[in-house]
Amino acid sequence: ISLGLVGSEMCIRGSVNVIYPATGRSGDVSSVEALKGVNLVVKEAETVALLGESGSGKSTISKLITKLLNPNSGEILFKRSPIGMIKRKDYAKNVQIVFQDLFGSLNPKRFIKDILLDSFEINGLAQGAKSFNKAEKIRLDSIKMGLPPEVLDKYPMSLSGGQRQKVLILKAILSEPEFIIFDEPMSSLDIKSQSEIILIIKELMKSSNLTVLFITHDFRLIKNLCDKVMVLSRHGSYSTHISSNEYVGSSRVNCNHKV
């Protein structure tokens, strides 16, 4: 696997080799090839939708990009540098992910404001705190997200699904990243919340130079936000790479059949 980011461009090319160990019912240890022969390019300020059935390797790709998983072979580059040589805080500041799990992604024992304040520390943004009011920035940004100010003083369990998703998006963008992965951002939301999240993401992309990878099956999101669509077949082999207009048009039926 070779991932190269020039500016904020993401490029996955060559032969991807990611293998997970597996244990059979008899106790025999074997292996499962999670990714094989995948090519993916996300240009600067472009949005790509990544589709695929369960087991196709979508989550594996997101884990590789966010340094949560190392490939068995190949290299991953960010701005032409191996990501292993980049400090974790520097990398986390520029590459963020909004996870699918609305419950497990937020610490249930901490107030929302403290979770968001922690992200400054984690992403190395605590420097210059005297001239930079972090709490005020969180308050203002939460209002832009459509979150009532009192949400900041609540625990995650007190929030609706839509509010939790907004908090996760806010948490990801506080570091002003160049590249964001949205992992199934609509899957756990009702129709009203889905529409709100689409508008929020669209505004974010309009107001900044974000490069975005969506892991999604949501047709409205693809139609409204994405430039290209990539479909992975089972076991992570490359399937097809087309524009979103092609997907929305005549190729939609064929792509859905593959998914």
Exercise for review: Decide yes or no on salt bridge (Lys or Arg N to Asp or Glu O under 4.0 Å) for Lys166 and Glu196, but give the supporting numbers first.
Suggested key: CA-CA 9 Å; Lys166 290 176 183 179; Glu196 291 177 351; 3.1 Å; yes
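- Annotation for Leu152 and Ser142: closest pair CD1-OG, 4.0 Å, computed over non-hydrogen atoms.
- Looking at Gln194, its side chain does come within 3.5 Å of a backbone N or O of Met186 through a donor-acceptor pair.
- By the 4.5 Å heavy-atom criterion applied to side chains, Leu147 and Gln163 are counted as neighbours.
- Nearest approach of Ile83 to Leu64, heavy atoms of both residues: CD1-O, 4.2 Å.
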Exercise for review: List the steps, then state whether salt bridge (Lys or Arg N to Asp or Glu O under 4.0 Å) holds for Asp227 with Lys43.
Suggested key: CA-CA 10 Å; Asp227 302 306; Lys43 296 179 182 178; over 6 Å; no
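- The two residues Ser195 and Arg220 have their closest heavy-atom pair at OG-NH1, 3.3 Å.
- Judged by distance alone, the side chain of Arg164 and the main-chain N or O of Phe103 form no donor-acceptor pair under 3.5 Å.
- Of all heavy-atom pairs spanning Asn94 and Pro177, the tightest one is O-CB, 3.5 Å.
- You'll find the side chain of Met145 stays beyond 4.5 Å of the side chain of Val151, heavy atoms only.
- No donor-acceptor distance shorter than 3.5 angstrom exists from the side chain of Ser105 to the backbone of Leu102, with no hydrogens or angles considered.
- Note that the NE2 atom of His217 and the CG atom of Leu50 stand 8.5 Å from one another [nearest 0.5 Å].
- Proximity of Leu232 to Ile61: side-chain heavy atoms (C-beta onward) are separated by under 4.5 Å at one or more points.
- No donor-acceptor contact under 3.5 angstrom links the side chains of Ser193 and Gln165, judged on distance only.
- Between Ser59 and Ser62, the closest heavy-atom pair is O-OG, 2.7 Å.
- Within 6.0 Å of atom NZ in Lys63, 12 or fewer heavy atoms from other residues, nucleotides or ligands are found, so the atom counts as exposed in its surroundings.
- Remark: the backbone N or O of Glu184 is not paired with any side-chain donor or acceptor of Thr216 at under 3.5 angstrom.
- Between Leu106 and Leu168, the closest heavy-atom pair is CD2-CD2, 3.6 Å.
- Each of Val212, Ile65, Thr66, Ile97 was compared with Phe179 under the side chain to side chain contact (heavy atoms under 4.5 Å, CB included) criterion, and only Ile65 meets it.
- Considering CD1 of Ile169 and CG of Leu174, their distance stands at 12.0 Å, rounded to 0.5 Å.
- Within 6.0 Å of the CG atom in Asn70, the count of heavy atoms belonging to other residues, nucleotides or ligands does not exceed 12.
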